[in-house]
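A short worksheet on the structure shown next.
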Amino acid sequence: MLKRSHLSEKTCREIIQLFSDDLTATQIAGVTSVSRVTINNYLKLIRTHIARHCEDQAQVFNGAKTALHPTQQLHVVKSLAEDKPHSNVYYGFYTVNDNVFTSELIGITRPTIREFQQGGWLQRQDGGQAGTLGRYNAIADFDEWNLYRMDALAGTGKTHADDIAVFWRNTRSRLLKFRGMNKNTLYLHVKESEFRYNCRHNDIYKILLNIIYKYPLHLSKSYV
């Protein structure tokens, strides 16, 4: 799972199992007797793999012929490893079948979201930022913890209220428990919430093992 790790395979599996059960780093450290610092490092590696997996899935569900290899993805995660500022707090949510996917929104402001939500941009013909926002069922503001619904503008006659509302409620609840969470890691936590929601009917532990055995954790060391 991780080359040159001082932890045994059994302990690594236990960490993944406890992570799958959605325990916090502090709780996992208490159960495994592994230091909190080490647990945090492992969880970041796991979340990096999850984020790559989510991007692969988004490619597949959105009709891409082939998903990108993990080493070609996650410029966001790579920027985290390089200590580049990364504190965007706006994310777009959209549904495909019973899955919810998230996209980080760069250069978006709260007034822009509200104007679009109220239909103020519908008369514009440039197709730029308005066209980008129009693909989402909702936009989340993780600074003020607000959700702006865009369904009425989607023109599909379906609001996806159930999927989006449940996903936002679950995500908000999960992230708020990380009091004082560094916004630089928000992307990884949002992607983890996406992964957990889309795998809600499956065994998350088994899925994680498959992901990690396919791309061992040490492959993320160059990013994290």
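Here the closest heavy-atom approach between residue C12 and residue Y42 is recorded as SG-CE2, 3.9 Å. Closest approach of D98 and D163 over heavy atoms only: CA-OD2, 4.4 Å. Here the closest non-hydrogen pair linking T95 and N137 is N-OD1, 3.0 Å. In plain terms, the two heavy atoms of L208 and I46 that are nearest each other are CD2-CG2, 4.2 Å. Shortest non-hydrogen contact noted between A138 and L147 is CB-CD1, 3.7 Å. In terms of heavy atoms, E192 sits closest to I50 at CA-CG2, 3.9 Å.
Annotation: the span from D21 atom CG to Q27 atom CD amounts to 10.5 Å, rounded to 0.5 Å. T48 OG1 to L43 CG: the interatomic distance, rounded to the nearest 0.5 Å, is 10.5 Å. Within the model, atoms OG1 of T38 and CZ of R36 stand 11.5 Å from one another, a figure rounded to the nearest 0.5 Å. Distance check: N99 CG to Y94 OH gives 10.0 Å after rounding to the nearest 0.5 Å. In this structure, T102 OG1 and I139 CD1 are separated by 12.5 Å, a value rounded to the nearest 0.5 Å. Distance check, rounded to the nearest 0.5 Å: NZ of K44 to CG of N41 gives 8.5 Å.
Annotation: side chain of I212 is not in contact with side chain of L45 (no heavy-atom distance under 4.5 Å). Within the 4.5 Å cutoff, the side chain of Q17 has no heavy atoms near those of the V31 side chain. Here the side chains of Y197 and T171 are not in contact, with every heavy-atom distance at 4.5 Å or above. You'll find the side chain of R13 reaches within 4.5 Å of the side chain of L209, heavy atoms only. Within the 4.5 Å cutoff, side-chain heavy atoms of D143 are placed close to those of R110. A heavy-atom distance below 4.5 Å is not found between the side chains of T32 and L7.
Taking hydrophobic clusters as Ile, Leu, Val, Met, Phe, Trp and Tyr residues chained together by side-chain heavy-atom distances below 4.5 Å, V37 does not share a cluster with V34.
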Audit row: V100, V166, side-chain contact (heavy atoms from CB on, under 4.5 Å) steps and yes/no
CA-CA 10 Å; V100 175; V166 172; over 6 Å; no
One pair to check against side-chain contact (heavy atoms from CB on, under 4.5 Å): Y90 and D141. What are the steps and the verdict?
CA-CA 5 Å; Y90 299 108; D141 177 352; 3.5 Å; yes
Decide side-chain contact (heavy atoms from CB on, under 4.5 Å) for Y91 and Y187; before the verdict, give the C-alpha distance in whole Å, the side-chain angles of both, and the deciding distance to 0.1 Å.
CA-CA 9 Å; Y91 284 77; Y187 180 84; 3.4 Å; yes
Please test I113 against L105 for side-chain contact (heavy atoms from CB on, under 4.5 Å), starting from the C-alpha separation and ending with a verdict.
CA-CA 11 Å; I113 297 172; L105 301 179; 5.7 Å; no
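The side-chain hydrogen bond (donor to acceptor under 3.5 Å, both in side chains) search around S33 returns none, not counting sequence neighbours. Scanning for ring-ring contact (aromatic ring centres under 6.0 Å, His included) contacts around F195 gives H53, with sequence neighbours left out. Not counting sequence neighbours, N40 has no partner by the side-chain hydrogen bond (donor to acceptor under 3.5 Å, both in side chains) test. Every residue meeting the side-chain contact (heavy atoms from CB on, under 4.5 Å) condition with N202, not counting sequence neighbours, appears here in chain and number order: I207. Checked against side-chain hydrogen bond (donor to acceptor under 3.5 Å, both in side chains), S193 has the following partners two or more places apart in sequence or in another chain: R174. For E14, there are no side-chain hydrogen bond (donor to acceptor under 3.5 Å, both in side chains) partners, not counting sequence neighbours.
By the 30° and 60° cut-offs, the orientation of the rings of F93 relative to F167 is perpendicular.
Although no hydrogens or angles enter the test, the distance criterion places a donor-acceptor pair under 3.5 Å between the side chain of S8 and the main chain of T11. Under the 3.5 Å distance criterion, the side-chain polar atoms of D203 are matched with a main-chain donor or acceptor of Y205.
Close placement of the F142 and W168 rings is indicated, their centers lying within 6.0 Å of each other.
One finds a salt bridge joining K191 and E194 here, because a Lys/Arg side-chain nitrogen approaches an Asp/Glu carboxylate oxygen to under 4.0 Å.
Judged by the 6.0 Å distance and 45° axis criteria, R196 is positioned over the aromatic ring of F19.
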